[in-house]
Amino acid sequence: MIKMVGINIFPSLPPASHENTGQGASDPEEEEPYLDPTWPHLQIVYELLLRYVVSSDIDTKVAKKYIDHSFILKLLDLFDLEDPGEREFLKTILHTIYGKFMVHRSFIRNATNNIFYRFIYETERHSGIGELLEILGSIINGFALPMKEEHKLFLVRALIPLHKPKPIAMYHQQLSYCIIQFVEKDYKLADTVIKGLLKYWPLTNCQKEVLFLRELEEVLEATQSAEFQRCMVQLFRQIARCLNSLHFQVAERALFLWNNEHTVNLFALNRQVILPIIFEALERNIRSHWNQAVHGLTMNVRKMFMEMDANLFDECQKEFAEKEARTQEVEEQREMTWKNRQMWQRREETIW
């Protein structure tokens, strides 16, 4: 039976023009999903395989001779097919195999890692990253505590670098779920995750920044004070840049961090460090940001800090005024130097 399934579902020819050819990923919202014309036939084969692997009568000691490493690798290769219905069947089948065949678990995790590495560092093109992450989300949920070093390495080497590729929007929801599962399982990993996000923080892609800020909010919700303190300076330098973003959704999303009770408590406990970093960004927003919603949210955050610690707020305001005065002085000096230089040039021209 396994031989028959393999002959039917594993293609013997290279990908057709509509399949993955290493080119840029298409946006599923803009294009109709591709439907394989042979799907009515393939669906019967997939249903047969699924019914076999979910059957309570299956003897894994016998079945593992046929559902072996070679078969699993070929199944994983099929995740790059463009038909979403086929990928959905593959997801259920592979997840069931992982659950029933304990002997294959480590191999499946390693093989999935290799797909991620190829996607991150070579092609940046794969149709089934979202489905593979869905399977992993369920697997991570079942990890025993204390967490093995192998699993932590998977987070650092595969999941965090998955924030780098351009088509992250296609699988970010599933990736974010996996990341949050790790932090909820072991809160000490929050520092590693936040520093990883900052490492891959987008510089010019505003929509990607919005995704990062949403994920950051969820991570901070599961973060304890000690882990937060290890990364807060680096984190709030980035948040300050986001607050001043001309793209209103980025600035708005950054300000939404103050709508969460847990994160506000973290910020309040560490206000002596946080407020001096972001005070200038808040003042600049109030003075010159073009968007009214961002302006209003900034006023709320500013008021919140003022009520938290009036003395600290006054100190930051004084430092900001002094910095502005120094900047103004330097600007005036530069302008004076420029005018003097122009005057000397005119005199030299007159002499000549």
Side-chain angles (χ1 to χ4, degrees), residues 68-70 72-73 75-77 79-80 90-91 94-95 97-126 128-168 170-202 208 211-212 215-216 218-224 226-232 234-235 238:
D68 55 9
H69 288 181
S70 171
I72 290 167
L73 278 178
L75 268 185
L76 283 166
D77 285 341
F79 275 89
D80 203 13
L90 286 163
K91 181 181 75 177
L94 187 67
H95 193 195
I97 290 172
Y98 185 91
K100 285 203 168 184
F101 294 78
M102 293 188 71
V103 69
H104 291 329
R105 286 185 178 182
S106 178
F107 178 80
I108 290 171
R109 288 198 303 270
N110 290 334
T112 307
N113 276 2
N114 291 335
I115 291 171
F116 289 155
Y117 296 151
R118 201 176 308 120
F119 172 70
I120 296 163
Y121 300 111
E122 293 178 22
T123 64
E124 286 201 1
R125 176 71 174 85
H126 196 285
I129 297 296
E131 284 80 5
L132 289 170
L133 285 169
E134 275 188 58
I135 296 169
L136 285 167
S138 180
I139 291 169
I140 295 162
N141 195 25
F143 282 166
L145 293 174
M147 205 173 286
K148 292 180 184 176
E149 197 60 33
E150 173 202 343
H151 302 328
K152 293 179 184 177
L153 284 173
F154 166 65
L155 170 70
V156 173
R157 292 179 180 175
L159 289 185
I160 291 175
L162 274 170
H163 290 85
K164 180 186 172 187
K166 289 177 185 176
I168 184 175
M170 299 180 75
Y171 57 82
H172 182 261
Q173 188 179 349
Q174 295 93 330
L175 174 61
S176 180
Y177 177 77
C178 290
I179 295 283
I180 302 305
Q181 287 290 310
F182 265 103
V183 179
E184 287 179 350
K185 282 269 178 186
D186 186 353
Y187 66 89
K188 290 180 181 178
L189 292 171
D191 169 44
T192 305
V193 168
I194 291 170
K195 285 179 179 174
L197 281 172
L198 293 172
K199 180 182 177 182
Y200 294 106
W201 201 277
K208 198 171 172 182
L211 293 177
F212 273 53
E215 184 176 346
L216 176 64
E218 290 186 60
V219 172
L220 286 173
E221 207 167 338
T223 304
Q224 302 300 314
E227 284 67 40
F228 177 71
Q229 286 168 358
R230 286 203 286 271
C231 61
M232 64 183 173
Q234 192 181 351
L235 172 63
Q238 182 57 57

Legend entry - F101/I108 under side-chain contact (heavy atoms from CB on, under 4.5 Å): CA gap, chis, key distance, verdict: CA-CA 10 Å; F101 294 78; I108 290 171; over 6 Å; no
Legend entry - K195, NZ: over 12 other non-hydrogen atoms inside 6.0 angstrom: yes
Legend entry - Flag if over 12 foreign heavy atoms under 6.0 Å of CD, Q229: yes
Inset, instruction - Indicate yes or no for a side-chain donor-acceptor contact from R105 to the backbone of Y98 under 3.5 Å, with no hydrogens or angles considered. - result: yes
Legend entry - Y177 and Q181 side chains, donor-acceptor separation under 3.5 Å: yes
Legend entry - Heavy-atom check, side chain of F79 versus side chain of H126, under 4.5 Å: yes
Inset, instruction - Verify side-chain contact (heavy atoms from CB on, under 4.5 Å) between F212 and I168, making sure each step is shown before the conclusion. - result: CA-CA 10 Å; F212 273 53; I168 184 175; 4.0 Å; yes
Inset, instruction - Please test E218 against I179 for side-chain contact (heavy atoms from CB on, under 4.5 Å), starting from the C-alpha separation and ending with a verdict. - result: CA-CA 10 Å; E218 290 186 60; I179 295 283; over 6 Å; no
Inset, instruction - Please examine the side chains of Y187 and T223, heavy atoms only from C-beta on, and report whether any two atoms are closer than 4.5 Å. - result: no
Inset, instruction - Give the ring-plane orientation class for H151 versus F143, where under 30° counts as parallel, over 60° as perpendicular and anything between as tilted. - result: parallel
Inset, instruction - May I ask you to decide if S106's main-chain N or O and N110's side chain share a donor-acceptor pair within less than 3.5 Å? - result: yes
Legend entry - From CD (Q174) to CG (L162), nearest 0.5 Å: 11.0 Å
Inset, instruction - Could you grab the distance from atom CG of D191 to atom CD of Q224, nearest 0.5 Å is fine? - result: 13.0 Å
Legend entry - Nearest-0.5 Å distance that lies between atom SG in C178 and atom CG in L133: 5.0 Å
Inset, instruction - Specify the closest pair of heavy atoms between P165 and I120, including all atoms of both residues, with the distance to one decimal. - result: CG-CA, 4.2 Å
Inset, instruction - Measure across V183 and A190 and return the closest heavy-atom pair with its distance rounded to 0.1 Å. - result: CG1-CB, 4.0 Å
Inset, instruction - Mark yes or no for whether Y171, through its side chain, and E131, through its backbone, hold a donor-acceptor pair below 3.5 Å. - result: no
Legend entry - N113 side, atom CG; R118 side, atom CZ - distance, nearest 0.5 Å: 11.5 Å
Inset, instruction - Report, as yes or no, whether the 6.0 Å neighbourhood of atom CZ on R230 holds more than 12 heavy atoms from other residues, nucleotides or ligands. - result: yes
Inset, instruction - List the steps and the verdict of side-chain contact (heavy atoms from CB on, under 4.5 Å) for I115 and D80. - result: CA-CA 10 Å; I115 291 171; D80 203 13; over 6 Å; no
Inset, instruction - Measure across L211 and H172 and return the closest heavy-atom pair with its distance rounded to 0.1 Å. - result: O-CE1, 3.4 Å
Legend entry - Heavy-atom side-chain proximity of V193 to F182 below 4.5 angstrom: no
Legend entry - Separation between CD1 of I140 and CD1 of I180, rounded to the nearest 0.5 Å: 11.0 Å
Inset, instruction - Flag the pair P161 / Y121 as yes when at least one side-chain heavy-atom distance between them is below 4.5 Å, and no otherwise. - result: yes
Inset, instruction - Kindly say whether K164 contributes a backbone atom to a donor-acceptor pair with the side chain of K208 at under 3.5 angstrom? - result: yes
Inset, instruction - Given salt bridge (charged side-chain N to carboxylate O under 4.0 Å, His left out), test E134 with K91 step by step and report yes or no. - result: CA-CA 8 Å; E134 275 188 58; K91 181 181 75 177; 2.7 Å; yes
Inset, instruction - Output the distance between atom CG (L136) and atom CD1 (I129), rounded to the nearest 0.5 Å. - result: 10.0 Å
Inset, instruction - Could you pull out the closest heavy-atom pair between L175 and L159, with the gap in Å? - result: CD1-O, 3.5 Å
Legend entry - With R157, the side-chain contact (heavy atoms from CB on, under 4.5 Å) member among I160, L155, L153: L153
